[in-house]
Amino acid sequence: MCGRFTLITDLQTIAEIFGVPATLEAQPRYNIAPSQEVVAILHEGQRQMAWLRWGLIPSWAREEAIGNRMINARAETLAEKPSFKRLLRSRRCLVVADGFYEWQQTNGSKKPMYITLRDGSPFAFAGLWDQWSAADGRLLRTCTIVTTEPNELLATIHNRMPVILPREDCERWLDPTVQEAEALLPLLRPYPAAEMQARPVSRLVNDPRNEGAALLA
DNA sequence: CCAGACGTTGTT
DNA sequence: GTCTGG
DNA sequence: CCAGACGTTGTT
DNA sequence: GTCTGG
């Protein structure tokens, strides 16, 4: 699955890579956790960068707390689940990252591993987003990250992995004229293991209050 | 028709 | 909002 | 994902 | 055990 990730690359570079205006600013982040704001790219009128809160609150939800659990969406059932079907058609997004953490369970203990592309370049998770109006009038934009079965590398660590979209697939995922599940679901596959790498990192990363480059030691 | 759920993960 | 179950 | 709380009453 | 918060 995916429950924690990094975005260290500056957003000017991110903007250039994904072909959008650099409208956001942020410090490097080494421990992005659910319920926090993440950098996303979506197509609303035009392609743009946006802050979205990680943890989907569907527009019909009564309680904000639902978002604490909806941090992932299974690719295998995306087109059937009431919560996601509508979003697959019209509310797709990219969630920008340059690495993510998975906890490997080995004889009773959990070891955090840090997974990146081999060349260290930033990448995009496939995501869905929605808007939710709170009773007090706040309008929240939230998102969820799509997961799938693991590739050969991730299978040694965990039984799920986030969907990473190759650059060319990002175009189709964001294209608002594409709405058929048949055209979208084939994009949601495990990223090639040969292009990824994983290494153990400090258990400091366990606590989402810990931040900074020391986590990667 | 209305009522009620709507999610993932991991663990048992 | 949309789907399932009764 | 992990960490940390998990309750009520009454009083301030 | 289960839920909430980050």
Side-chain angles (χ1 to χ4, degrees), chain A residues 1-7 26-27 29-39 51-93 95 97-116 125-134 138-150 154-164 179 181 188 190 198-212 214-216:
Chain A
M1 72 160 314
C2 181
R4 220 73 80 72
F5 63 91
T6 63
L7 182 55
Q27 291 300 114
R29 291 165 73 194
Y30 292 85
N31 204 358
I32 298 171
S35 81
Q36 297 178 358
E37 298 290 316
V38 301
V39 175
W51 289 110
L52 297 178
R53 190 165 112 171
W54 184 15
L56 189 85
I57 308 174
S59 57
W60 44 259
R62 290 176 178 242
E63 299 201 356
E64 191 170 342
I66 288 176
N68 293 332
R69 297 193 291 287
M70 309 266 281
I71 66 171
N72 294 125
R74 290 177 66 88
E76 296 90 333
T77 53
L78 214 53
E80 294 144 35
K81 299 288 184 182
S83 294
F84 302 136
K85 194 173 184 176
R86 170 181 57 101
L87 304 180
L88 178 64
R89 212 178 307 116
S90 60
R91 293 244 161 120
R92 300 182 300 276
C93 67
V95 176
D98 40 31
F100 62 98
Y101 302 101
E102 295 284 358
W103 279 259
Q104 182 178 43
Q105 183 124 35
T106 39
N107 34 3
S109 70
K110 282 188 160 189
K111 185 167 63 171
M113 304 286 287
Y114 184 54
I115 299 104
T116 61
F125 294 127
L128 300 173
W129 69 282
D130 206 353
Q131 294 195 75
W132 181 78
S133 298
R138 284 173 304 138
L139 186 65
L140 270 65
R141 302 172 113 199
T142 63
C143 66
T144 188
I145 293 173
V146 180
T147 64
T148 186
E149 61 186 15
L154 269 293
T156 66
I157 301 170
H158 198 56
N159 62 346
R160 302 289 294 169
M161 73 176 285
V163 171
I164 295 171
Q179 298 184 356
L188 305 177
R199 64 181 177 84
V201 288
S202 167
R203 283 180 202 283
L204 287 173
V205 77
N206 285 10
D207 193 326
R209 290 170 299 194
N210 290 334
E211 299 171 13
L215 300 183
L216 299 185

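A note on names: the letters A, B, ... follow the listed sequences, proteins ahead of strands, and every chain is numbered from 1.
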Would you check if A/Trp60 stacks with the base of B/dC6, given a 5.5 Å centroid limit and a 30° plane limit, both strict? yes
Could you work out the separation of D/dC1 and B/dT11 based on their C1' atoms and round it to a whole Å? 16 Å
Measure from the side chain of A/Lys110, starting at C-beta and using heavy atoms only, and say which of D/dG4, D/dC1, C/dG1 lies closest. D/dC1
d(NZ, A/Lys81; P, C/dT4) in whole Å: 11 Å
Could you walk me through whether A/Leu128 and A/Arg92 pass the side-chain contact (heavy atoms from CB on, under 4.5 Å) test, one step at a time? CA-CA 4 Å; A/Leu128 300 173; A/Arg92 300 182 300 276; 4.0 Å; yes
If the test is side chain to side chain contact (heavy atoms under 4.5 Å, CB included), which one of A/Val146, A/Ile145, A/Ile32 qualifies with A/Val95? A/Ile145
I'd like the P distance from B/dT8 over to D/dA3, given in whole Å. 24 Å
Would you mind checking if A/Glu76 and A/Arg160 are paired as a salt bridge, meaning a charged N to carboxylate O distance below 4.0 Å? yes
Out of B/dT9, C/dC3, D/dA3, which has the shortest distance to the side chain of A/Asn206? D/dA3
Selection from B/dT11, D/dA3, B/dT8 that lies nearest to any side-chain heavy atom of A/Pro208: D/dA3
Sugar-phosphate only, base, or nothing, as touched by A/Ser83 at under 4.0 Å among non-hydrogen atoms: sugar-phosphate
Whole angstrom value for the distance that separates P of B/dT9 from CZ of A/Arg4: 16 Å
Within the 4.0 Å heavy-atom criterion, would you say A/Phe5 contacts the bases, only the backbone, or no part of the nucleic acid? nothing
I'd like to know if the side chain of A/Glu80 reaches the main chain of A/Thr77, judged simply by a donor and an acceptor atom lying under 3.5 Å from each other, with no hydrogens or angles considered. no
Figure out the CG/P separation between A/Leu78 and B/dC6, and round it to whole Å. 17 Å
Take the protein atom CG of A/Asn68 and the nucleotide atom P of D/dC1, then report the distance between them rounded to whole Å. 13 Å
Phosphate oxygens OP1/OP2 of B/dT9: is one of them under 4.0 Å from a side-chain N or O of A/Arg160? yes
d(CD1, A/Ile145; P, B/dT9) in whole Å: 12 Å
Expected output: side-chain A/Arg4 to main-chain A/Asn206 donor-acceptor under 3.5 Å: yes
Do any side-chain nitrogens or oxygens of A/Arg53 fall under 4.0 Å of OP1 or OP2 in E/dG6? no
Would you please classify the geometry between the A/Phe100 ring and the A/Phe125 ring as parallel, tilted or perpendicular, with 30° and 60° separating the classes? perpendicular
Separation of E/dG5 atom P from A/Glu63 atom CD, nearest Å, is 10 Å
Gap in Å between the two C1' atoms, one belonging to D/dT9 and one to E/dC3, rounded: 23 Å
Which nucleotide sits closest to the side chain of A/Ala65: C/dG1, B/dT9, E/dG5? E/dG5
When you measure from the side-chain N and O atoms of A/Arg74 to the phosphate of B/dT9, is any distance below 4.0 Å, counting only OP1 and OP2? yes
Are A/Phe5 and A/Trp54 an aromatic pair, judged by ring center distance below 6.0 Å? yes
Any A/Leu87 side-chain heavy atom under 4.5 Å of A/Thr144 side chain: no
Heavy atoms of A/Val39 and A/Trp51 approach each other most closely as CG2-CZ3, 3.5 Å
Would you please enumerate the stems DNA chain C participates in, each stem being three or more consecutive Watson-Crick or G-U wobble pairs with both distances under 3.5 Å? B:1-6 with C:1-6
For A/Ala73, answer base if it contacts any base atom (sugar-phosphate contacts may also be present), sugar-phosphate if it contacts only those atoms, and nothing otherwise; contact means non-hydrogen atoms under 4.0 Å. sugar-phosphate
What is the distance, to the nearest angstrom, from the CE atom on A/Met70 to the P atom on D/dC1? 15 Å
NA contact type, A/Thr77, heavy-atom cut-off 4.0 Å: base, sugar-phosphate, or nothing? sugar-phosphate
Looking only at side-chain N and O atoms, does A/Asn72 come under 4.0 Å of OP1 or OP2 in B/dT9? no
From CD of A/Glu211 across to C1' of D/dC1 the rounded distance in Å is 15 Å
Would you indicate, yes or no, if C/dC3 has its OP1 or OP2 atom less than 4.0 angstrom from a side-chain nitrogen or oxygen of A/Lys85? yes
Under 4.0 Å, heavy atoms only, any strand: does A/Thr147 hit a base, just the sugar-phosphate, or nothing? sugar-phosphate
Euclidean distance for P, D/dC2 against B/dT12 (whole angstrom): 14 Å
The side chain of A/Asp207 lies closest to which of these nucleotides: D/dG4, C/dC3, B/dT8? D/dG4
State whether the number of non-hydrogen atoms from other residues, nucleotides or ligands found under 6.0 Å of A/Arg199 atom CZ is greater than 12. yes
How is A/Leu56 classified with respect to the nucleic acid when contacts are heavy atoms under 4.0 Å: base, sugar-phosphate, or nothing? nothing
I want to check one thing: is the phosphate of E/dG5, taken as OP1 and OP2, less than 4.0 Å away from some side-chain N or O of A/Gln36? no
Among the candidates B/dT8, D/dC2, D/dC1, find the nucleotide nearest to the side-chain atoms of A/Ile71. D/dC1
Base, sugar-phosphate alone, or nothing: which one does A/Gln105 contact when heavy atoms must sit under 4.0 Å apart? sugar-phosphate
